[in-house]
Amino acid sequence: MASSTSCLNLFVFSFLSVLLITKSHISGSVNGVVFPVTRDLSTGQYVAEIRLGDSYEPVNLVVDLSGTLLWFDCSSGLISTSRSLISGSSSGCLKAKAGNERVSSRGDQNGDCDLLVRNGVVGITARGELATDVLSYGSVASQGTVDLLFACAPPLLLRGLASGAQGVMGLSKAQISLPSQLAAETNEPRRLTVYLSPSNGLVSTRSVEDVLGAAAARSLVYTPLSTTSSGGYLINVKSIRVNGFMLAVNGTLSAELSTLVPYTTMESSLYAVFADAYVKAAASNANSVAPVAPFGLCFTSTSSSDFPAVDLALQSEMVRWRIQGENLLVDVGGGVQCLGIVDGGSNRVSPIIMGGLQLEGFVLDFDLGNSVMGFGERTRSSLDSFRQEAL
């Protein structure tokens with residue numbers, strides 16, 4: 001594991017920070033970009049670095065799978081002479097209106113295109129202005145640019161974001177989200193590849209096959225993908241099993257995938273059933289101890305292998321997402337490990353929200369055109385394939 005981690009670290013950070021992967025490896029034209037991603041230790045949020053504007057200076061953005069657009073604080077010191085505001089009568093504003101029902105009525109004719117921008121971490125909104133600038137990508141030897149729509153937002157919207165973050169990278173299916181814009185520029189299908197890890201993650205607008213190779217793509221299991229009214233990605237959950245035993249839950253559930261919450265949450269009534277089953281399943285190998293906030297279940301044990309796995313059966317009992325080991329447990333010190341699945345309260349739109357800890361280490365392939373998502377654990381061979389192709 002250590003060797004594969006160092007391998008990817010060397011690869012990711014050997015470039016300027018936003019890596020161009022061209023189709024020259026495949027057929028000769030630009031096919032998408034890859035953004036390196038790291039986890040902020042304090043908040044558990046995932047931060048991508050892009051280069052926006054003619055100054056080529058980096059902008060750090062919190063990754064938001066449900067975000068409808070890219071936004072950042074344009075007053076944060078980034079100077080760009082190529083940046084310009086979008087008028088209310090432009091096609092860009094029309095796209096924003098199609099993907100964001102909160103666009104202001106002031107965005108008309110000769111005025112600027114105003115819209116309300118949302119910070120999903122703390123749930124606040126503020127008025128922003130739609131703008132355009134050049135997104136720079138590539139290695140030192142080969143750089144390119146593409147025009148990108150985004151919102152200039154006020155500094156107050158940075159509340160709750162990771163230290164040093166200047167805004168948010170929206171990755172939903174909305175018309176002016178990053179995947180949608182780059183797909184439109186390249187006339188390619190809308191694809192999104194996400195791999196989260198503490199130090200060497202990535203977000204790409206290429207398919208897994210393009211990024212990690214055919215073998216990695218063949219190892220993925222696909223499940224239907226839908227969206228919430230706010231743009232979040234949803235997968236169906238047919239059942240939940242703890243240590244192989246199915247929980248007594250009525251009906252089909254759904255799980256929203258989130259990069260803004262660090263741990264998976266369950267609606268309170270569902271969590272009560274789950275917690276009771278997990279304590280009983282773990283009793284033979286682990287001792288329950290007083291919980292440490294924000295966790296509801298904590299244990300002492302000699303090994304993480306002593307803890308029961310959690311399986312989510314998706315569209316059928318044959319398709320399962322297994323959560324175990326480092327994806328399930330959080331070491332809080334003093335020999336205590338807590339379950340990284342917590343009570344999310346009683347008023348949840350989605351009964352399950354899968355947080356960053358449970359997504360880490362999995363390659364996620366969002367085929368947005370066909371509304372399916374592939375998932376599979378990262379392998380050493382797939383990382384090596386990625387590195388060899390890129391270099």
Determine whether Asn200 and Thr38 satisfy the following criterion, side-chain contact (heavy atoms from CB on, under 4.5 Å), listing intermediate values before the conclusion. CA-CA 6 Å; Asn200 56 24; Thr38 58; over 6 Å; no
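- Applying the side-chain hydrogen bond (donor to acceptor under 3.5 Å, both in side chains) test to every pair with at least one member in residues 308-321, sequence neighbours left out, gives these pairs: Thr223-Gln315, Ser239-Glu317, Arg241-Glu317, Asp311-Arg322.
- Nearest heavy atoms, Ser230 versus Thr68: O-CG2, 4.4 Å.
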Is there a side-chain contact (heavy atoms from CB on, under 4.5 Å) between Ile341 and Leu328 once you walk through the steps? CA-CA 7 Å; Ile341 299 176; Leu328 183 62; 3.8 Å; yes
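- The heavy-atom pair separating Gly167 from Leu158 by the smallest distance is N-CD2, 3.9 Å.
- Tracing side-chain contacts under 4.5 Å through hydrophobic residues (I, L, V, M, F, W, Y), one never reaches Met169 starting from Val134; they form parts of separate clusters.
- The hydrophobic clustering, which links ILVMFWY residues whose side-chain heavy atoms are closer than 4.5 Å, places Val342 and Leu247 apart.
- Considering only heavy atoms from C-beta on, Met354 comes within 4.5 Å of Ile352 through its side chain.
- To the nearest 0.5 angstrom, Ser91 atom OG is 6.5 Å from Leu94 atom CG.
- Residues Val121 and Gln45 have side chains in contact (heavy-atom distance under 4.5 Å, counting atoms from C-beta outward).
- To the nearest 0.5 Å, the span separating OG on Ser66 from CG on Leu260 amounts to 5.5 Å.
- Ser180 places no side-chain N or O within donor-acceptor distance of the main-chain N or O of Ser177, the cut-off being under 3.5 Å.
- You'll find the side chain of Asp114 stays beyond 4.5 Å of the side chain of Leu130, heavy atoms only.
- Put simply, CG on Leu178 and CG on Leu148 are 6.0 Å apart, with the number rounded to the nearest 0.5 Å.
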Show every donor-acceptor pair shorter than 3.5 Å between a side-chain atom in residues 75-86 and any protein atom, with sequence neighbours excluded, or say none if there are none.
residue	atom	partner	partner atom	Å
Ser75	OG	Asp73	OD1	2.5
Ser75	OG	Asp73	OD2	3.4
Ser76	OG	Asp73	O	2.7
Ser76	OG	Gln166	NE2	3.3
Ser80	OG	Asp54	N	3.3
Ser80	OG	Asp54	OD1	3.4
Ser80	OG	Ser82	N	3.4
Ser80	OG	Ser82	OG	2.9
Ser80	OG	Asp133	OD1	3.4
Ser80	OG	Asp133	OD2	2.7
Thr81	OG1	Asp54	OD2	2.2
Ser82	OG	Asp54	N	3.4
Ser82	OG	Asp133	OD1	2.4
Arg83	NH2	Leu78	O	3.1

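- Residues passing the ring-ring contact (aromatic ring centres under 6.0 Å, His included) test with Tyr233 are Phe366, sequence neighbours excluded.
- A distance-only check finds a donor-acceptor pair linking the side chain of Ser197 to the backbone of Gly201 [under 3.5 Å].
- The OG1 atom of Thr228 lies 5.5 Å from the CG atom of Leu234; values are rounded to the nearest 0.5 Å.
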Under the side-chain contact (heavy atoms from CB on, under 4.5 Å) criterion, do Leu192 and Leu65 qualify, and how do the steps go? CA-CA 10 Å; Leu192 175 65; Leu65 283 175; 4.2 Å; yes
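- The line from OH of Tyr278 to CD1 of Ile240 is 13.5 Å long, rounded to the nearest 0.5 Å.
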May I have the list of side-chain donor-acceptor pairs in residues 357-364 shorter than 3.5 Å, sequence neighbours left out?
residue	atom	partner	partner atom	Å
Gln358	OE1	Thr264	N	2.9
Gln358	OE1	Thr264	OG1	2.8
Gln358	NE2	Asn327	O	2.8
Gln358	NE2	Gly340	O	3.1
Glu360	OE1	Arg39	NH2	3.4
Glu360	OE2	Arg39	NE	2.6
Glu360	OE2	Arg39	NH2	3.1
Glu360	OE2	Tyr46	OH	2.7

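- Between Ala290 and Cys298, the shortest heavy-atom contact is O-CB, 3.9 Å.
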Would you please test Tyr222 and Phe375 for ring pair (Phe, Tyr, Trp, His ring centres under 6.0 Å) and show each step? CA-CA 6 Å; Tyr222 283 81; Phe375 64 98; 8.5 Å; no
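- To the nearest 0.5 angstrom, Asn119 atom CG is 9.5 Å from Thr125 atom OG1.
- Between Phe295 and Tyr263, the distance separating the two ring centers is shorter than 6.0 angstrom.
- Both Leu312 and Val221 belong to a common hydrophobic cluster when Ile, Leu, Val, Met, Phe, Trp and Tyr are linked at side-chain heavy-atom distances under 4.5 angstrom.
- Neither Val261 nor Val194 shares a network with the other; the hydrophobic side chains, linked directly or stepwise wherever heavy atoms of I, L, V, M, F, W or Y lie under 4.5 Å apart, form separate groups for each.
- Through ILVMFWY side-chain contacts below 4.5 Å, Met246 is grouped with nothing and stands alone.
- Residues Ser288 and Val279 meet the side-chain proximity criterion, which asks for heavy atoms closer than 4.5 Å.
- In this structure a side-chain-to-backbone donor-acceptor pair under 3.5 Å is present from Thr205 to Val33.
- Of the possible donor and acceptor atoms, one in the side chain of Trp71 sits under 3.5 Å from a partner among the backbone N and O of Arg118.
- Taking every heavy atom of both residues into account, Ser301 and Asp306 meet most closely at OG-OD2, 2.7 Å.
- Between the side chains of Ser254 and Glu256, not a single donor N or O lies within less than 3.5 Å of an accepting N or O.
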Given side-chain contact (heavy atoms from CB on, under 4.5 Å), test Leu171 with Val63 step by step and report yes or no. CA-CA 8 Å; Leu171 298 176; Val63 175; 3.5 Å; yes
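- Nearest heavy atoms, Pro179 versus Gly170: CD-O, 3.9 Å.
- The list of salt bridge (Lys or Arg N to Asp or Glu O under 4.0 Å) pairs with a residue in residues 276-291, not counting sequence neighbours, reads Asp276-Lys280.
- Looking only at side-chain heavy atoms (C-beta outward), Met373 and Leu257 come within less than 4.5 Å of each other.
- Using a 4.5 Å heavy-atom threshold, the side chains of Ile50 and Leu70 count as touching.
- Taking both residues in full, the closest heavy atoms of Ser204 and Val211 are given as OG-CG2, 3.5 Å, listed atom of the first, atom of the second, then distance.
- Placement of Val289 and Leu297 in two distinct hydrophobic clusters is found when ILVMFWY residues are connected by side-chain heavy-atom separations under 4.5 Å, directly or transitively.
- Looking only at side-chain heavy atoms (C-beta outward), Asn287 and Phe299 stay at 4.5 Å or farther from each other.
- The closest donor-acceptor contact from the side chain of Thr265 to the backbone of Gly344 lies at 3.5 Å or more, if one exists at all.
- Considering only heavy atoms from C-beta on, Arg191 comes within 4.5 Å of Asp367 through its side chain.
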